[in-house]
Amino acid sequence: MNRKNRYFFIIFISFWAIFSILNLIIPNKEFSQNENRMLAKKPNFKIQELVTGKYVEKLDNYINDHFIFRDLWLKIKSVEEKALGKTENNNVYIGKDGYLFEKLKYTKQSEKKINDLVDVINSFYQNTNITTYFLAIPNSIYINEDKLPKFAETFNQEELINEIYGKTKNIKTINVVETLRNNKNEYIYFKTDHHITSDGAYLVYLEYCKKAGITPITEYNKKIVTDSFLGSFDSKAQIINQEKDKIVVYENTNNTQGITAYYDKETTNSIFNEDFLTKKDKYSYFLNGNNAKVVVKTNQKNDKKLLVVKDSYAHIMSQFFCQNYEEIHFIDQRYYNYSIEEYAKQNQITETLFLYNVGNII
Amino acid sequence: MVFSSIVFLYIFLPIMLLIYFIVPNKFKNAVMIVASLIFFAWGEIRYIFIMLLLAIMDYTCGKKINQYFENKNKKKIYLFIDIGVNLLILFFFKYADFIISNINNITNLNIPLLNIPLPIGVSFNTFQSLSYIIDVYRGTVKCEKSFYNYLAYTTLFPQIIAGPIVRYETVDEELENKNISIDNFTTGMKRFIIGLGKKVLIANNIGELWHIIEIGEYTNLTFVLSWFGIIAFALQIYFDFSGYSDMAIGLAKIFGMEFDENFNFPYISKSITEFWRRWHITLSSWFKDYIYIPLGGNKKGLLKQIRNILIVWFLTGAWHGASWNFILWGLYFGVILILEKIFILKILEKAGKFISHIYAIILILIGWVIFAFEDLKQIAIYFKSMFNINNFINNETLYYLRNYGAITIIGIICSTVIVKKLLEKADNSNKKTYKFFGITIYMIIFILSTANLVSDTFNPFLYFRF
């Protein structure tokens, strides 16, 4: 052997062989804690899918997802991006002060999506005559626009929200852009996740109370339940040494005592689930993560029954809805396939709130 | 399957190599054939039978031509049968819908399109078969006596999906006797790693920017962004394509075979004539040897030469895809080459290196705009931005510069000979520090490429139209 090649041969072959062999023998994980998602499943062999190439595509995905030391490789990629001066990774902007933001684009499909939603809300009121609120919560990327990386821009969500509200008929719309903007220096959005924090949710709650004509409850015991939350943005962007988020809860007797919560698969006596605090998906601490339907019964005795048709932004709001309602019914139309109008009538709902974040509306 | 994937790098290749090196010499081609079929079937299983049938036909016609070598008429029949069927297959898959839609446009007829997906690598495959049969007919190569060897040649997986076009004469002896050694393994592996890095680290990263521009995900295509964008495309296609060729050449070396070089730093060219001696060399020389020279080349007067150049460049354009923009792109270069022959080269000689270089780069970039968009209207819009200095720059453009500036500069540096010379120096040096510097670079490229592939970022396949 030529001497000059000997070292390369030994080093390369050792590296290559070790990784190839380990990859084949180390058993696969099903769930990635780090990315907070189920990894691809081994595809079932179908002759049809083999011919169309679908089978191989799935197999490729499977092999990629389960490559050994996956988390380490993602970190290496993230270091590379940083070294190249990238201020985004995997569609997530890496902003100032540790803030991450998902790029949101108003696309051609957005308009249709918006009109469909407005139709659902308008006809809900028309067909049920139940007092209906509509609350569109702006995203961190808009409120914290000044924390975007240099030269990055985003669209004006305030204008969009007003435009959407303008399309509703007899719906009580709630505008929270201003109050959030006035408090943008507070910790109202998570840095690593797309949700608002409890502080942000409290501001939203105050605006909601104003519109609904109810007296907000202002006495709470604020408690930090975790200070090591890395949310969805971080999972996508895989930032090295990312500052972690705190999750705070606003507790009082209204949301901790006498609660019965009916989830899709279980019934408990709390709207909080501490099991999730030891997992990656810590936001699911609120209202047990994604359920098609959750019914919460509180110790209030005022016959007020609120139906919240929502996305996950409503989960952190649940601690406040417990202050003023005897029953709160949460429905997520991504998973719930029945008529919400029928549901509202059957359950003697007294008020309905459609609650979505702008990123989910467009 | 593609080289730039985890399944190839960490499952297919190690297992295949292990078996390949263990089995005795006479079974190496068998391992190669089985491996090639698996490689090809991984994503393009439908075409495999056609490929096998074509191999049988090419092999048979080759033998027949050899058998009737003294009988001009008979051997011509077999030549025409083989060329005819090969071209028919190519036309059917690649150009049928293009021709139908053009007929529909001109005549207001409504002939339904066939909508057959183009099998990957069919153009490379056809050109290899044609070169084999024509060479056998001309008597410049001996016909392959063993079907087993011919099949190994025609399915040879390193080149099967994106070239280079390997002529039979390049590998005929190696099909019988492979030159396997640890030295060839390391040299081949290094070449493969360079190619992998070019594709995964440079082409894919720069390609992200071009992708944004191609699909129109910007709000304003400023003057700067349009130039930045087309430079990104130029770098992406060069590093992607030459990276694939490097990987193919490196793999062949590992298996004990030598392929011809396909790229030779095209962007350092000082004229378009030079560019086409450095870009996709195996394709240009194929057209030269099998079309241009048989048509008379430059031996029959200037007018005939111009005609021949235009025919060759019409075909070169069409080879890259069944769409008018590719044909336009080919003819664009054909015309420039004619003009260069007539007078521009003389002017450039006087103008000096720097001006010549700028001249070539700008014409190449303009060419890429034509190449990049199928829709002629989009080409026009893009040109408009490239020459509208009033809409110079905005924040969005600055954002893209901020994010893709570094990788673009790396790409530009790597498209010159600097990095190659540096690595060669490290490879050949006797000093330990230099040597380990070289090894470290190769390992870093391999590790970073793995990280990029695992994280499943932008990894397009650009040759599905070829």
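Each chain gets a letter, A, B and so on, in the order its sequence line appears, and its residues count up from 1. When reading the values below, keep in mind they use all heavy atoms of this one structure, side chains included, and skip hydrogens, waters and symmetry mates. Because the structure is predicted, anything quoted here is derived from the model rather than measured.
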- Message: Classify the ring geometry of F185(B) against F9(A): parallel below 30°, tilted from 30° to 60°, perpendicular beyond 60°.
- Response: perpendicular

- Using a cut-off of under 4.5 Å on heavy-atom pairs, state which of M189(B), M1(B), E217(B) scores highest against chain A. M189(B)

- For F446(B), is it the side chain, the backbone, both or neither that has a heavy atom under 4.5 Å from a heavy atom of chain A? side chain

- Contact class of L50(A) relative to chain B, heavy atoms under 4.5 angstrom: both

- Message: Can you tell me which portion of K105(A) sits under 4.5 Å from chain B's heavy atoms? Options are side chain, backbone, both or neither.
- Response: side chain

- Task: Over all heavy atoms of both residues, which pair between N64(A) and L453(B) is shortest? Give the atoms and the distance, please.
- Result: ND2-O, 3.1 Å

- Task: Determine whether W42(B) and D60(A) make a side-chain contact, defined as any pair of heavy atoms from C-beta on separated by less than 4.5 Å.
- Result: yes

- Would you say the side chain of V7(B) lies within less than 4.5 Å of the side chain of L59(A), judging by non-hydrogen atoms? no

- What about the rings of Y399(B) and Y93(A), do their centers lie closer together than 6.0 Å? yes

- Item | Distance (rounded to the nearest 0.5 Å) between I10(A) CD1 and T186(B) OG1 | 11.0 Å

- Between the CG atom in N23(A) and the CG atom in L9(B), the distance rounded to the nearest 0.5 Å is 11.0 Å

- Please say whether more than 12 non-hydrogen atoms of neighbouring residues, nucleotides or ligands are located less than 6.0 Å from NZ in K96(A). yes

- Message: Taking CZ in F45(A) as the centre, count heavy atoms belonging to other residues, nucleotides or ligands within less than 6.0 Å. Is the count above 12?
- Response: yes

- Flag yes if more than 12 heavy atoms outside Y434(B) fall under 6.0 Å of its OH atom; otherwise flag no. no

- Query: Near K167(A) NZ, under 6.0 Å, is it more than 12 heavy atoms from other residues, nucleotides or ligands?
  - Reply: yes

- Selection from I6(B), L401(B), N394(B), L13(B) maximising heavy-atom pairs under 4.5 Å formed with chain A: I6(B)

- Residues in ring pair (Phe, Tyr, Trp, His ring centres under 6.0 Å) contact with F233(A), at least two apart in sequence or another chain: none

- Item | Electrostatic pair E208(B)-K86(A), nearest N-O below 4.0 angstrom | yes

- Describe, in one word, how the ring planes of Y442(B) and F8(A) are oriented to each other, choosing from parallel (under 30°), tilted (30 to 60°) and perpendicular (over 60°). perpendicular

- Would you name the heavy atoms of W73(A) and I447(B) that are closest together and state the gap between them? CZ3-O, 3.4 Å

- Item | Proximity of residues 139-150 of chain A to chain B, residues having a non-hydrogen atom under 4.5 angstrom | P149(A), K150(A)

- Task: Can you tell which part of I410(B) gets under 4.5 Å to a heavy atom of chain A, answering side chain, backbone, both or neither?
- Result: side chain

- Value for CD1 (I182(B)) from CD1 (I13(A)), rounded to nearest 0.5 Å, stands at 8.5 Å

- Query: Any idea which of I45(B), L448(B), L398(B) has the most non-hydrogen atom pairs under 4.5 angstrom with chain A?
  - Reply: L398(B)

- Message: Report which part of S5(B) has an atom under 4.5 Å of a heavy atom belonging to chain A: side chain, backbone, both, or neither.
- Response: neither

- When you look at NZ of K103(A), are more than 12 heavy atoms from neighbouring residues, nucleotides or ligands closer to it than 6.0 Å? yes

- Query: Taking everything shown except F437(B) itself, do over 12 heavy atoms lie less than 6.0 Å from its CZ?
  - Reply: no

- Please flag which part of I409(B) lies under 4.5 Å from any non-hydrogen atom of chain A: side chain, backbone, both or neither. neither

- Item | Winner by heavy-atom pair count (cut-off under 4.5 Å) against chain A, out of G405(B), A406(B), P14(B) | P14(B)

- Heavy-atom count around K113(A) NZ within 6.0 Å, excluding the residue itself: above 12? yes

- Let me know if E88(A) has heavy atoms under 4.5 Å from chain B in its side chain, its backbone, both or neither. both

- So do K77(A) and V454(B) actually touch side chain to side chain, heavy atoms under 4.5 Å? no

- Query: So do the side chains of L17(B) and W16(A) get within less than 4.5 Å of each other, counting heavy atoms only?
  - Reply: yes

- Task: May I ask you to test the T450(B)-F67(A) pair for a side-chain heavy-atom distance under 4.5 Å?
- Result: yes

- Item | chain A interface, residue from T219(B), L18(B), I193(B) that has the most non-hydrogen pairs under 4.5 Å | I193(B)

- Message: Counting neighbours of CG on N44(A) that are heavy atoms of other residues, nucleotides or ligands and sit closer than 6.0 Å, is the number greater than 12?
- Response: no

